[in-house]
Amino acid sequence: MKNYLTQSFLDHAQVEIPLICGPMYPCSNPELVAAVSEAGGLGVVQPISLVFVHGYAFREGIQKIRSLTKKPVGLNIMVEKGVGDFFRRAVDWLDVALDEGVRFFITSLGDPRWVVEKVKRAGGIVYHDVTERRFAEKAVAAGVDGLILVNKAAGGHAGSLPSNELLSIMQEFGLPLVAAGGISTALGFKEELDAGHAAVQMGTRFIATHECSAGDAYKQAIVDAKAQDIVMTEKLSGVPAAVINTPYVKRVGTDVNPIEKFLLKDRNLKHLARMAYSAASLFSLKRSITKDNPYENYFQAGRSVEGIDAVESVAAVMGRFRQAIGG
Ligand SMILES: Cc1cc2nc3c(=O)[nH]c(=O)nc-3n(C[C@H](O)[C@H](O)[C@H](O)COP(=O)(O)O)c2cc1C
């Protein structure tokens, strides 16, 4: 059953199904983003992935997606000023996206105020990723239109709280709330909506589709994995990220060594250490889809692997979610 905030989300995103295919570095290729939107959900562009992994100049990449679907897509913007050159680029990407007609933005990390100000002037919408109440307070004060509740089961950099706990903490803000993490089946989708979420964001489910350009070994690893095969590693970016426990992960382990741990914790050094880690992780994750090998690579995925038992077309997957809401 649609609650009134689901209708707000559908109005905000201008879509038919309250489902977002979340931004994924390195898995958000233009064909995947476009296919989700074309099927009635909201495909979201991960700009670093578009440019650095899939090789598009940013505007050209957006135009490629526009050539595949006329339906709305979203853009992920990392708002943190600390992430060096990527911050300057994020400002450019936002301007280009607005110019190309994108009107739905998902912000993550930091204070989204500068994005909200620009996007509102263009009549657009901003949802912010949150894992805790204090981040939500800041985002709401900045004027965001909705919150994406990244829970502890999510793929990528997971949160620390379960979905139901996040929902009850965030409901007081009165904004549309999007559940993110651990959901890949039509039943799970419906349950999250029935619980009071306005929409659901999924990532892992969409890697195991024909339209995602990840390699066959990565997709098959998702199909084969169960929830208990997902482990958190600090080795990728210095903060815990969910990966399949591939032979590579078993070999290299999941903990940073004591010196790295010190660098990541030290008040003066942690910022620099995280930046170095992030840069290194961009390279090693790019390899996870260009070199499709579980013995050499990380395969990022969340516990939602449990509900994924085949590589399918986006249309087939989306058909089940449409049916779940009686569409
Ligand atoms: C491979 C992978 C890469 C991701 N990269 C990003 C990212 O670059 N930015 C971001 O905001 N979220 C990222 N996420 C999180 C997703 O957008 C989404 O919130 C999450 O996948 C939901 O959990 P699920 O995988 O259980 O569906 C990533 C997730 C995965 C699986």
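The residues of the chain are indexed from 1 along the displayed sequence. All ligand and atom numbering here is 1-based and tracks the order in the structure.
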Under-4.0 Å salt bridge between [X] and [Y]:
X: Arg205; Y: Glu312; answer: yes
X: Asp224; Y: Lys219; answer: no
X: Glu100; Y: Arg59; answer: yes

To the nearest 0.1 Å, how far is [atom] from its closest protein heavy atom, and which atom is that?
atom: atom 2 (C) of ligand 1; value: Met24 CG, 3.7 Å
atom: atom 19 (O) of ligand 1; value: Gln201 NE2, 2.8 Å
atom: atom 31 (C) of ligand 1; value: Thr204 OG1, 3.7 Å
atom: atom 3 (C) of ligand 1; value: Tyr25 O, 3.3 Å
atom: atom 9 (N) of ligand 1; value: Asn76 OD1, 3.5 Å

Report, as yes or no, whether the 6.0 Å neighbourhood of atom [atom1] on [X] holds more than 12 heavy atoms from other residues, nucleotides or ligands.
X: Lys152; atom1: NZ; value: no
X: Gln323; atom1: CD; value: no
X: Lys120; atom1: NZ; value: yes

Among [options], closest by any non-hydrogen atom to [atom]:
atom: atom 12 (N) of ligand 1; options: Pro23, Ser49, Gly156, Ala154; value: Pro23
atom: atom 20 (C) of ligand 1; options: Cys21, Gly155, Ala179, Cys27; value: Gly155
atom: atom 24 (P) of ligand 1; options: Ser304, Pro47, Ser28; value: Ser304

With a 4.5 Å limit on heavy-atom distance, are the side chains of Asn245 and Lys250 in contact? yes

What part of [X], side chain from CB on, backbone N/CA/C/O, both or neither, has a heavy atom under 4.0 Å from ligand 1?
X: Tyr218; result: side chain
X: Val150; result: neither
X: Gln46; result: side chain
X: Asp129; result: side chain

Tell me whether the rings of Tyr218 and Phe299 are parallel (<30°), tilted (30 to 60°) or perpendicular (>60°). parallel

Cation-pi, Tyr56 ring and Lys64 (6.0 angstrom, 45 degrees): no

Geometric N/O contact Gln300 with ligand 1, under 3.5 angstrom: no

Flag Gly182 as yes when one of its N or O atoms lies below 3.5 Å from any N or O atom of ligand 1, and as no otherwise. yes

Atom of Ala158, atom of Ala154 and distance for their closest heavy-atom approach: CB-O, 3.4 Å

Leu5 and Gly174 have their tightest heavy-atom pair at CD2-O, 4.1 Å

Numbering as shown, the atoms of ligand 1 that approach [X] to under 4.0 Å (heavy-atom distance):
X: Met202; value: 27 (O)
X: Gly203; value: 21 (O), 22 (C), 24 (P), 25 (O), 27 (O)
X: Gly181; value: 22 (C), 23 (O), 26 (O)

Ligand 1 contact by Arg205, heavy-atom criterion under 4.0 angstrom: no

